[in-house]
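Down below is the structure, laid out as structure tokens.
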Amino acid sequence: MLQIDMKYQWRDFVADYQVSFSTGMHCIVGASGGGKSTLLALLGGYLRGEGKVTYNGAQLEHLAPYERPMTTLFQSDNLFPQLTVWDNVAIGVAPNRKLDSEQHQKVLFSLAQVGLEGFKDKLPHTLSGGQAQRVAIARTLVRNAPILLLDEPFSALDPDLREAMLRLIQELTLANDWTTLMVTHQPYEAQQLEARVVNVNAGRICE
Amino acid sequence: MKHFLWQAPTWLGALIYLGGVFAALVALLLQATPSDWGLSLTQSYLWRLIQFSFTQALLSALLSIVLAIPVISALYHNQFLGRRWLLNLFAVSIVVPTIVAILGIVIVYGRQGWFTSLFGFHFPLYGLGGILLAHVFFNLPLVVRLGLQVYGLIPDGQWRLATQLGLNRWQAFRVIEWPYLRRSLPGTFLLVFLLCFSSFAVVLSLGGGPKSSTLEVAIYQALRFEFDLSKASFLALLQVSICLALGGFVFRYIQPLQQDASLYRGAPQLRRRKRDFVVDLGSLMLAAVWIVPPFVAVLTPIWSAEFLVALASPGLWQATLVSLQVAIPSGLLSLMMALSLVSLARGFLYLGCSRVMRYLEQSANLVLMLPGLVLATGLFLLLRHTGGGINNAYWVVVWVNAVMALPFVVRAIAPAMLQQQQRYGHLYEQYAILGWIRFKLEWSAIRKALAQGLAYAVLLSLGDLGVVALFGSQGLETLPLYLYRLIGSYRVEQGSSVAVVLVLLCVALFFLITRCVGGRDVTN
């Protein structure tokens, strides 16, 4: 169970989140500027607030982002442009990219999971938007963190591709027992994914 | 964008720059006697000059870059007490008057200097050792500041990823920092190499004799002592040919920097290890030990009674006034020329002519291949032919100083201006935001870079000794020339005091310009 009880203030914007997330899909919806991305940034450790973030009883708020059991996918900049697809995934399992055979298999498996086995030597700029996001998802798989935070990573994709990506995320969440939180502007996506809807407005949770 | 390119003010600065260079070269070529060139090429003295010019420039550039890389990374990743001070010192040491820095280096490393007192043996200052010491003193800070600008181009999203993936400093350096640095290094190497290749005052003062002389010094000797314009023009053309060949080679392999931005604004939280701290501290200490002592040495006369006597000299204040009268117009002219070149470059970038854009951006480096003394002589000859005469020496000095600062100014302003173009170019085009209105809109984003460029140009002009020496007898006695004459007449004590005034004036102008034009954070 992921729980947050945290206050955050930036200039005039004041946020106060108290909410719990069990395993499965959760869609964070709400008006622009209401604090959806702020919630994810606080959970991911990119912003510092006052209060607690816990996962299965363990406190996370003092941990750096890389020490938290979670992976965040952002709208953009999810890949290192100077690394190949293989290296972009491999860096998720070993930052020095020196893999043992088990890690090697893991990277191969995750690339196969997202259908990019044949793209491992490509550079990000040669990929389509959907392929690039699938590389990021492959890295999420190799990291195997139980919490996945999605800050509108598919918003720039066309509707069909977007739906395919959401299905992939849903399958992976169910298969791996992840707790997945996704910021979205489309309430129907929550229905499609059979996700719990969490409404965030003016820095407050209003379910 | 087409109408943007056709706006007359955009072209004005470029025309003043390129037109002047062309006119000076034509005037010099008309003075040359190509029939003597074959004989000159057979002289072993000439080949020794070329070999030494190459060796010292190559070693200076390599040493400056190798020492600067860990310093850049350390400064980027660490916030510590004195960081801002060190950065300011680096900024000033790039443009500190050469003669002042040489004075400081001699006080520290000379036969009777601090180094000898501390270690019991003397540093081999006169010769290659001293030249490298001085060139690294000037260029290490330059490489660091340029490197920090490159780090500013790394998208924040990459740091965010590094943070999420738990990369340590070394891993982040290899994955993120090195690919960006690597692309900027050929350009930086070329800049430093050419600066050292055409270095004049350092080689003249610390070369220690004909064994350690360079082409630039030989040009000066041909102009100053032999007044052999034909020989000077031959040597200058030789220097231009070598630099152009090297520049062309490096330019061919330069990869343009990818300029990008993302919305994430956060400090990288990389894994910290003890050895990272040791490397950071070691590299910062080395840089500080290299840069700080000559500054301290130059400032020591401030406590002596001689300093007050020197302050009372009317010659000092007259020279200060002349220096300001030259440096400020020269800085403004340099900024105008740089703005023109970069505006044209980004106009062509928008039109998809990236090759033209690169040529325009790199054209500022053209002056690195043309010694200032030669440009000044060319313009002087031109004025003499056209009846302008020596009365226009002031404008020649202002123009040459502005042109010599151009590579620094363009490198200071181009990244910020090109990034504006890449991010918002389509908006400016869509709404036909042109000229002055666009400048006002961009002002808050580019003012820091403009301030830094202007400060460099003003300070470089303030410290120039080469060009003004040619015209110094025409009521153009600037502070460096005044200082040079004091040292030449063995009034070293008084000279040291003048050096203090010159350094203080540099610091004051740097802060005034960066604060007034650039806003509060410009030096950080």
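Numbers restart at 1 for each chain; the letters A, B, ... are given by sequence-line order, proteins then strands.
Closest heavy-atom contact between A:Tyr66 and B:Leu165: CB-C, 3.9 Å. Nearest heavy-atom pair, A:Arg139 versus B:Leu161, reported as atom, atom and distance to 0.1 Å: NH2-CD2, 3.1 Å.
Within the 3.5 Å criterion, the main-chain N or O of A:Phe80 finds no donor-acceptor partner in the side chain of B:Gln158.
Contacts of A:Leu79 with chain B are made by backbone atoms alone, with heavy-atom separations under 4.5 Å and no side-chain atom involved. Of the atoms belonging to B:Gln164, heavy atoms from both backbone and side chain fall under 4.5 Å from chain A.
The neighbour count for A:Arg167 CZ, taken as heavy atoms of other residues, nucleotides or ligands under 6.0 Å away, is above 12. Within 6.0 Å of CZ on A:Phe109 lie no more than 12 heavy atoms contributed by other residues, nucleotides or ligands. Counting non-hydrogen atoms of neighbouring residues, nucleotides and ligands closer than 6.0 angstrom, the CZ atom of B:Phe277 reaches no more than 12 such neighbours. Within a 6.0 Å sphere centred on CD of A:Glu50, heavy atoms belonging to other residues, nucleotides or ligands number 12 at most. The neighbour count for B:Arg275 CZ, taken as heavy atoms of other residues, nucleotides or ligands under 6.0 Å away, does not exceed 12.
Proximity to chain B at a heavy-atom threshold of 4.5 Å picks out A:Pro81, A:Gln82, A:Leu83, A:Ile91, A:Gly92, A:Pro95, A:Asn96, A:Arg97 from residues 81-104 of chain A, in numerical order. Within residues 168-185 of chain A, no residue has a heavy atom under 4.5 Å from a heavy atom of chain B.
Taking the ring axis of A:Tyr46 as reference, the NZ or CZ atom of B:Arg160 does not stay both within 45° of it and closer than 6.0 Å to the ring centre.
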